Protein chains: 2
Amino acid sequence: MKPAETENGGTVPARRRLAPAERTPQILAAALEEFAERGYAGASMAAAAARAGVTKGLIYHYFPGKADLFKAVVRSCVQPVFNEAERLIAAFEGPKAELLRGLIELAYDRVATERRERILFKLILAEADRFPELAAFYNAEVLSRALALVGGVLRAGAASGEFRPAAAEAAGLAPVLMAPAIMASIWQMMLGEGRSPNLAAMRKAHVDLVLQGLVQARAPGQGAPAA
Amino acid sequence: MKPAETENGGTVPARRRLAPAERTPQILAAALEEFAERGYAGASMAAAAARAGVTKGLIYHYFPGKADLFKAVVRSCVQPVFNEAERLIAAFEGPKAELLRGLIELAYDRVATERRERILFKLILAEADRFPELAAFYNAEVLSRALALVGGVLRAGAASGEFRPAAAEAAGLAPVLMAPAIMASIWQMMLGEGRSPNLAAMRKAHVDLVLQGLVQARAPGQGAPAA
DNA sequence: TCAGCTATTGACCAATCGGTCGATAAGCAA
DNA sequence: TTGCTTATCGACCGATTGGTCAATAGCTGA
């Protein structure tokens, strides 16, 4: 075990000393992989250290314990997700329906490419009851933020008359709109890309259903006569 | 630890001998709780045994090892889920839209009540890559079956002209229709009943969106332009 | 009543884990 | 070059785990 054969390709001399600002992200990345593969309880500190090319003792030099390392891993992963969506919404001008389509398609495309976020979601879900603060963190930093974004678009569209008035009740509708993309991600994770429901087909059906179901009929006054 | 104080309320004499047909489900139920609370790796055989009011050794008398116990737990839980839906579909006569609404509402109501199925889904998701056969089992026995049920309704509705023709492309649409109810279940599990998106609101918005998005406009010839 | 089958126990083992700590050496400042 | 700081190692510990097995005792049929 003299040459580090973990992920740095070469034959780095063992015991290279690095600045904490450089070693810490190495450890976090290695720990993410370890936690993702074995789950919280199954993950081994020694194995995580080995993935980072260091020894277990060093991890305890940077993190007080396993639980703290886990939380640090989660926190280090959630930041960049929303920037894209928020920029898209802020910069968009045009029909709200097109904005909504863009958001949905963005979500599916991220699912298709970004693997780390899928893994992270699984981790949070699996360990939520053992780390209540983690569930609270997910709720505040991820779910609520996403719901607010989608809800804002829905209400704007309803206010402008472009969407049916029911779209304004975003409390129920926003999660319904987001769910299929998230489930697509989960299925990909569980079943692999081969056996999961087809991503492109879901994306198309999803956009289609949402636009047909939300956009106000062009000829007003003949909507749902109901009973 | 003389009187068993686990879940049988009374002061049963220690070491009661039971027929395997009676003890096995006890062990399976106890193991489900243990796995659900601590995850696969975190669960302890001794703790699962204690929950069942027996000792670890007895579990190894009934199951070859931890992995086998886990698989047996999963298998023992998935059977009764589909009977209800299949009965509903078979017995139903009337507009396909009403059948679809009934299925969606059934799904949400199960989410609200059945706790074991939520737990089970979480377990399968969390341990899918460690037990590939488990993912395959979920795919074959749960997801595919559910997709086939929903897809059948969609195609029937499209064939009868009640749904828009796009409904026939069930490969993408069926998972999109099922996803919100499943996500509702997952959110309930992660965040508790308090902080999750409101179940009743989601149910209403979901039904509303689906029916508006799928049902063929009543006046023909002016719905989808471009034949 | 009694003998036999087997459900059930409890003690045991090797392996592994999270965590601790003194020793070591890599880098930097002087 | 020298010396100090501290990143890094590796050996170690107590606790717990999955798994084994011989001994025991509850039930049932004769």
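Heavy-atom basis, side chains included; hydrogens, waters and symmetry copies ignored. Every chain is numbered from 1, with letters handed out A, B, ... down the list of sequences. Quick caveat, the model's predicted, so the values are computed rather than measured.
Using a 4.0 Å cutoff on non-hydrogen atoms, no part of residues 122-131 of chain B comes near DNA chain D. For DNA chain D, the residues of residues 61-72 of chain B within the heavy-atom distance limit of 4.0 Å (strictly under) are B/Gly65, B/Lys66, sorted by number.
Separating the CZ atom in B/Phe70 from the CG atom in B/Leu123 is a distance of 4.5 Å, to the nearest 0.5 Å. Atoms CZ and CG, on B/Arg115 and B/Leu120 in that order, are 12.0 Å from each other to the nearest 0.5 Å.
Whole-Å rounding puts the B/Arg38 CZ to D/dT16 C1' distance at 13 Å. A/Arg16 has its CZ atom 11 Å from the C1' atom of C/dA26, to the nearest Å. Rounded to an integer number of Å, the gap from CZ of B/Arg17 to P of D/dC27 is 8 Å. What separates CD1 of B/Ile59 from P of C/dT9 is a distance of 10 Å, to the nearest Å. If you take OH of A/Tyr60 and C1' of D/dC9, they are 15 Å apart, rounded to a whole angstrom. Atom CD1 of A/Ile27 is separated from atom P of D/dC9 by 9 Å (rounded to the nearest Å). Following rounding to the nearest Å, B/Glu34 (CD) and D/dG18 (C1') show an atom-to-atom distance of 13 Å.
A sub-4.0 Å separation between OP1 or OP2 of C/dT8 and a side-chain N or O of B/Arg23 is present.
Looking at heavy-atom distances under 4.0 Å, A/Ala43 makes contact with sugar-phosphate atoms alone, never a base.
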Show the numbers, then the answer: is there a salt bridge (charged side-chain N to carboxylate O under 4.0 Å, His left out) between B/Arg75 and B/Glu141?
CA-CA 10 Å; B/Arg75 293 222 165 76; B/Glu141 292 295 316; over 6 Å; no
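Taking every heavy atom of both residues into account, B/Trp187 and B/Ser196 meet most closely at O-OG, 3.4 Å.
Side chain of A/Gln188 to backbone of A/Ala112: no donor-acceptor contact under 3.5 angstrom is found. No donor-acceptor distance shorter than 3.5 angstrom exists from the side chain of B/His206 to the backbone of B/Met178, with no hydrogens or angles considered. Under a 3.5 Å cut-off, the side chain of A/Lys66 and the backbone N or O of A/Tyr40 do form a donor-acceptor pair. With hydrogens and angles ignored, the 3.5 Å screen pairs a side-chain donor or acceptor of A/Ser76 with a backbone N or O of A/Val73.
In the set C/dT9, C/dC17, D/dT8, D/dT8 carries the atom at the smallest distance from any side-chain atom of A/Leu18.
Partners of A/Val207 according to the side chain to side chain contact (heavy atoms under 4.5 Å, CB included) rule, which considers only residues two or more places apart in sequence or in another chain, are A/Arg101, A/Ile104, A/Glu105, A/Leu211.
Comparing A/Gly57 and A/Ala46 against DNA chain C, the residue whose closest nucleotide sits nearer the 5' end is A/Ala46. The nearest heavy atom of DNA chain C to A/Gly42 and to A/Leu58 marks one nucleotide each, and the one closer to the 5' end goes with A/Gly42.
The base of D/dG10 is not paired with the side chain of A/Lys56 by any donor and acceptor separated by under 3.5 Å.
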